[in-house]
S.K.: 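I have a structure here, written as structure tokens, and I will follow up with some questions on it.
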Amino acid sequence: MTRNAFFARSAFMTLVIAAPLYALAHPKLMSAVPAANSHVMAVPTVVRLTFQEALEPALSRITMMHAGIHAVTMGALAADSADHKTLVATLKSPMGAGVYTVSWQAAGADGHPMRGTYSFTVDAPPTK
């Protein structure tokens, strides 16, 4: 085996081994409350997103839209004190029944943000 072939194979093997480890270093959404594509009977008061790794709340955010056009006012975003893999945001202005879209950005220890969205439906009448 030539020296160049040895280095090429070494580089390839390093990529094969390191790529999955690098992918694991970014936050991945594991669960959400309210859950994605769910139908709930009451307007939620909080959104809880749990990821597979601890997060940097200062580099993370959650926003929400109602019916695709009305922004829902959210309280301060915080990490759950019992589980640093979970972000919690309080809804300050729930809009009642309809489809809500949650958009999130989460960053782990490496600071690299990952983003995603999901929707859920509130089947309850509007709150008064």
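These values consider heavy atoms only, across backbone and side chains, with no hydrogens, waters or symmetry-generated copies.
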S.K.: Would a single hydrophobic cluster contain both Leu91 and Val122, if residues Ile, Leu, Val, Met, Phe, Trp and Tyr are joined by side-chain heavy-atom contacts under 4.5 Å?
M.R.: yes
S.K.: Would you say that Met95 contacts Val72 through its side chain, given a criterion of any heavy-atom pair below 4.5 Å between the two side chains?
M.R.: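 Result yes, sub-4.5 Å side-chain heavy-atom pair found.
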S.K.: Between Glu56 and Gly108, which heavy-atom pair has the shortest distance, and what is it?
M.R.: CG-O, 3.3 Å
S.K.: Do Phe120 and Leu29 sit in one hydrophobic cluster, given that two such residues count as connected whenever their side-chain heavy atoms are within less than 4.5 Å of each other, even indirectly?
M.R.: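 Yes; Leu29 is reachable from Phe120 via cluster members.
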S.K.: May I ask you to test the Thr90-Val46 pair for a side-chain heavy-atom distance under 4.5 Å?
M.R.: yes
S.K.: When you measure from the side chain of Ser60 to the backbone N and O of Ala107, does any donor-acceptor pair fall under 3.5 Å?
M.R.: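 Yes: the side chain of Ser60 pairs with the backbone of Ala107.
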S.K.: Between OG of Ser103 and CD1 of Ile62, what distance do you get to the nearest 0.5 Å?
M.R.: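 Result: 10.0 Å between the selected atoms.
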S.K.: Taking only residues at least two apart or on different chains, which pairs with a member in residues 29-48 satisfy salt bridge (charged side-chain N to carboxylate O under 4.0 Å, His left out)?
M.R.: Arg48-Asp80
S.K.: Side-chain heavy atoms nearer than 4.5 Å, only ILVMFWY residues, links allowed to pass through others: does that put Met65 and Val40 together?
M.R.: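 No; tracing contacts between hydrophobic side chains, which count when under 4.5 Å, never links both residues.
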S.K.: OG1 of Thr101 to OH of Tyr118: how many Å apart, nearest 0.5 Å?
M.R.: 10.0 Å
S.K.: With Thr86, which residues qualify under side-chain hydrogen bond (donor to acceptor under 3.5 Å, both in side chains), at least two apart?
M.R.: Thr50, Asp83
S.K.: Would you mind listing every ring-ring contact (aromatic ring centres under 6.0 Å, His included) that reaches into residues 29-84, with sequence neighbours excluded?
M.R.: Phe51-Trp104, His66-Tyr100
S.K.: Partners of Gln105 by side-chain hydrogen bond (donor to acceptor under 3.5 Å, both in side chains), sequence neighbours excluded?
M.R.: Arg61, Arg115
S.K.: Please round to the nearest 0.5 Å and tell me the distance separating atom CG of Leu77 and atom CG of Leu87.
M.R.: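 Taking CG in Leu77 and CG in Leu87, the distance rounds to 5.0 Å.
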S.K.: Can you name the side-chain hydrogen bond (donor to acceptor under 3.5 Å, both in side chains) partners of Thr117, sequence neighbours left out?
M.R.: none
S.K.: What closest approach, in Å, do Ala89 and Met74 show between heavy atoms, and which atom pair accounts for it?
M.R.: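 In terms of heavy atoms, the two residues are closest at CB-CE, 3.6 Å.
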S.K.: Would you name the heavy atoms of Pro27 and Ala106 that are closest together and state the gap between them?
M.R.: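 Smallest heavy-atom distance, with atoms named: CG-O, 3.5 Å.
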S.K.: Using side-chain hydrogen bond (donor to acceptor under 3.5 Å, both in side chains) as the criterion, list what pairs up with Ser38, not counting sequence neighbours.
M.R.: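 Result, side-chain hydrogen bond (donor to acceptor under 3.5 Å, both in side chains) vs Ser38: none returned.
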S.K.: Backbone N or O of Ser93 within a donor-acceptor pair of the Thr73 side chain at under 3.5 Å?
M.R.: no
